[in-house]
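The structure appears right after this line, and notes come after that.
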Amino acid sequence: MTKETEADLSGTTPRRRPRPDIVEIGGRKLQPSTLMMGHGYDPMLSEGSLKPPIFLTSTFVFESAAAGKRHFEGVTGKRPGGAEGLVYSRFNGPDQEILEHRLGVWEEAEDALSFSSGMAAIATMLLALVKPGDTIVHSAPLYAATETLIGKILGRFGVQWLDFPAGASPAEISAVLGRAKDAGRVPLIYLESPANPTNALVDIEAVVAARDAIFGVGPDRPPIVIDNTFLGPLWQKPLRHGAELVLYSLTKYAGGHSDLVAGGVVGAKTVLDPIRAMRNTIGTITDPHSAWMLLRSLETLELRMSRAGENAAKVCAFLRDHPKVERVGYLGFLEEGSRQADIFRRHCTGAGSTFSLYLKGGETESFAFLDALKIAKLAVSLGGTETLASHPAGMTHLSVPDARKAALGITDNLVRISIGVEDADDLVADFDQALKAV
Ligand SMILES: *Cc1c(COP(=O)(O)O)cnc(C)c1O
């Protein structure tokens, strides 16, 4: 949003020059955790309100007919880069624009868009970039709804796909990209890293190198899009490794309190422009209230994620040595010298707080453990302040065919855990007593 329009919106406030955003002091570039408190918002344009108001309005008043026309040129894509001013709440609003400014900060992205859910972000991106006859290349496995969208729903419109396993070598990635190029147009390369529930990391740099070698570096090469919900925006910043777009379910760590559903996409402006136009057409933008909640959440993002990460390290250290535990699939335990450890060292700054616990036994032992937990809640989702535990084989991945489940390591003794910001020793006590019930 231009600051002029924010001034126009505040009604009683006379038009005046907005205070420019302060992004550095004495040559020191301010960090995201500082910028989350005020970036993109000038209180003096909203009656001095410290926090941005929630703008509950469906439409915005133009200052003149000519301004209305200019804004529509931006909305319809006649002029690239989006509207200069606010028009109608299906296209944008002040809370969403402030949110988008702040989302972009974490990865120094050129631009950002917010959506009503993570799946709305993914679906809008795909609708904007994909055409009948195209072949999407993706890493596997993907979030189940993403896999349904690409494999089944886009399939109805004549879109094909080819995949490679998340941990694939550069040679395997190149081979799949080569086959896709021979099959026709490749609209995008879609990654998810770490994969759920295996936690296998994708080598983003290897995908970029293979893409550039096979498709060249011209404007028509397929953009690399990555779902960074599990480690971003704190522990993995894929734009730095050559991806063009980063997708988020903001429902998870960004929202962080398990009280909203939202999505986001950050990255290169040229790739985001057609996605914005598609969002304007179909109305998948986040609502003002959720956008405001996310502004609140982003203020504590680094605190929450850091604490959850520290807690997970303590809990995993306890679980690893427990006699009733077969294995802990946690990014902090990658085998020294392995390819996964190399990818982790190059791409990640933290091991996250979501991991896989393999108990000795099967469904009976998993269910006994889950039912005995007292602090950890039995629910799907992740990235909230509270610790959650679930059973992928019987819940999120119930409909996955048995052979594919086995190939992905989704076994009956697997419990998926997202660690929150509680006291780490309390969590250890809870897991300890729940393991006694197994
Ligand atoms: C939750 C999730 C999604 C979907 O997000 P919603 O906000 O539920 O629509 C996509 N990808 C990953 C990795 C997720 O965990």
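Note that the coordinates shown come from a computational prediction; the quantities given were computed from them, not determined experimentally. This chain uses plain numbering: 1 for the first residue, then up along the sequence. Both ligands and their constituent atoms are indexed starting at 1 by order of listing.
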Can you tell me the protein heavy atom closest to [atom] and the distance?
| atom | result |
| --- | --- |
| atom 4 (C) of ligand 1 | Tyr143 CE2, 3.3 Å |
| atom 1 (C) of ligand 1 | Lys252 NZ, 1.4 Å |
| atom 7 (O) of ligand 1 | Thr251 OG1, 2.7 Å |

Salt bridge (Lys or Arg N to Asp or Glu O under 4.0 Å) between Glu147 and Arg404, worked out: CA-CA 13 Å; Glu147 202 147 315; Arg404 186 150 168 78; 3.1 Å; yes
Val265 side chain near Leu272 side chain, heavy-atom distance below 4.5 Å: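 With C-beta onward as the side chain, the pair touches.
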Thr146 N/O to ligand 1 N/O under 3.5 Å: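 So ligand 1 has no N or O lying under 3.5 Å from an N or O of Thr146.
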Met119 N/O under 3.5 Å from ligand 1 N/O: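 There is such a contact, yes.
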Within-shell test, Asp227 vs ligand 1, heavy atom, strictly < 4.0 Å: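 Yes, that is the case, since the closest heavy atom of the residue is under 4.0 Å from the ligand.
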His347 and Gln236 side chains, donor-acceptor separation under 3.5 Å: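 No, no side-chain donor-acceptor pair sits under 3.5 Å.
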Test log, rule side-chain contact (heavy atoms from CB on, under 4.5 Å), inputs Leu359 and Leu435: CA-CA 9 Å; Leu359 296 169; Leu435 283 166; 3.6 Å; yes
Ala262: numbered ligand 1 atoms lying under 4.0 Å from its heavy atoms: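 In order of numbering, the contacting atoms are 7 (O).
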Proximal atoms of ligand 1 relative to Phe230 (non-hydrogen, under 4.0 Å):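 Every atom of ligand 1 under 4.0 Å from some heavy atom of Phe230: 13 (C), 15 (O).
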Selection residues 250-274 - residue pairs positive for ring pair (Phe, Tyr, Trp, His ring centres under 6.0 Å), sequence neighbours left out: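 Only Trp235-Tyr253 qualify under ring pair (Phe, Tyr, Trp, His ring centres under 6.0 Å).
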Point-to-point distance, once rounded to the nearest 0.5 Å, from CZ of Phe318 to CZ of Phe431: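 One finds 9.5 Å between CZ of Phe318 and CZ of Phe431.
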